[in-house]
Engineer: 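Got a structure here, written out as structure tokens. Questions coming.
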Amino acid sequence: MTDSVFTGRLFGPGIAGAGVAAGAAWELTGGLRILPLDPGLGILNAEQPSVTSGGFNAGGLRIAWQDGDASWAFIVDAGDEQARCKATAPPQISEQFNGITRKRNRLERRFKMGGALLSFIILLPLLLIVLFLLNRDRIASWVVQRIPVAHEARLGDMVLAQSRLQMKILDSGPDVDAIRNIGKRLTTGSAHTYRWFVAERSDLNAFAAPGGVVVVFRGLLNSVASSEELAGVLAHEVAHAELRHSLVGMVKGLGLRAAVSMTFGDLSDSVFTDGATRLTELRFSRDAEREADAEGLRLLMAARISPEGMLRFYERLASEKRGSPPAILSTHPASGERLDWLRNEVTKFSGSWQPLQVYPGKGTN
Ligand SMILES: [Zn+2]
């Protein structure tokens, strides 16, 4: 065989399905001369053959021609044989190779894109999880901003229903009345319809659920020294509700799926029940506490209630020696810095205060 001969497999009439090995060489006329290795087959001359890509994954060369009614093909698969076939092709055949190169490049691009798309689809959920974890705070506030007030109220109902299972909750009575009277003054103009409750628990605590549900524990009621102190705690809790802090906390705790359901108003999922249960133990960040203090002070001012009570209550909690800090300080972390800030803010406020109705057994500032 000379350098102009390239090898491949011949397919055609009377040849088995797998084809037979053969050598081939281009003619100057553009024809192809085929020399089967099996001497019994004799030399074939292909007139006006056409070259396309063929074989596995279009990676081979397919030289095809007609001989009367018979269709013949010569497939070149090996890379170096293909190179020789291309290099020795006469001009009228060379042009056909350009089309093959274009088609192969197109296929390769499509294959690469398909691969990229496939990896993207596989990685997408993972990517979403990572993004969610990295941006949990930001996503939580984004979601929370899109939760309608009506959904928030329903979440509040769920939290309340869950809390009733864990503790005795009073809906009425002199304590609830006293809290409501102060609370009303603090929540004038709010988008929520506030509801006030007393929990028969000795812990010194209070919490605000989304949608305007405020629960004050018996332990806290026993601990406040005046109506103004109670007003201070209520103002702080109302501020958490108004600033949707509890909602952000719930969304962060519940995860992406629940957050998405919540945005679209599907509150049936059991995960919300878990979230509702955990709300009583929800710890706020120092930033959230600072915000709630500031907003609480603003609410007290707007209601013309002396802010001294708020300061006094926290000062007393801080100075009292206890075995363990009261629950309200573990869910609403306080620091010396926070107290200093509060002290400083309170001195800025002046004006005439409208005294509160005396809370039974508590007196007023
Ligand atoms: Zn707080």
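As the structure is a computational prediction, the values presented were derived from the model and not from experiment. Atoms within each ligand, like the ligands themselves, are counted from 1 in listed order.
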Engineer: For the Zn ion (ligand 1), report each protein N, O or S atom nearer than 2.8 Å, sorted by chain and then by residue number.
Structural biologist: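 Result, waters dropped: His236 NE2, His240 NE2, Glu289 OE1, Glu289 OE2, His332 ND1.
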Engineer: Can you pull the salt bridge (charged side-chain N to carboxylate O under 4.0 Å, His left out) pairs that have at least one residue in residues 179-193, sequence neighbours excluded?
Structural biologist: Asp177-Arg180
Engineer: Who are the side-chain contact (heavy atoms from CB on, under 4.5 Å) partners of Ile100, not counting sequence neighbours?
Structural biologist: Val51, Ser53, Leu61, Phe97, Arg104
Engineer: Scan Glu295, Glu345, Glu337 and name whichever one has a salt bridge (charged side-chain N to carboxylate O under 4.0 Å, His left out) with Arg290.
Structural biologist: Glu337
Engineer: Pick from Arg164, Arg218, Lys168: which one makes a salt bridge (charged side-chain N to carboxylate O under 4.0 Å, His left out) with Glu200?
Structural biologist: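 The option that passes is Arg218.
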Engineer: Less than 4.0 angstrom from a charged side-chain N to a carboxylate O is my criterion; do Arg154 and Asp157 meet it?
Structural biologist: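 No, no charged N to carboxylate O under 4.0 Å.
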Engineer: Mind jotting down which residue pairs meet the side-chain hydrogen bond (donor to acceptor under 3.5 Å, both in side chains) criterion with at least one end in residues 13-31? Sequence neighbours excluded, please.
Structural biologist: Glu27-Arg33
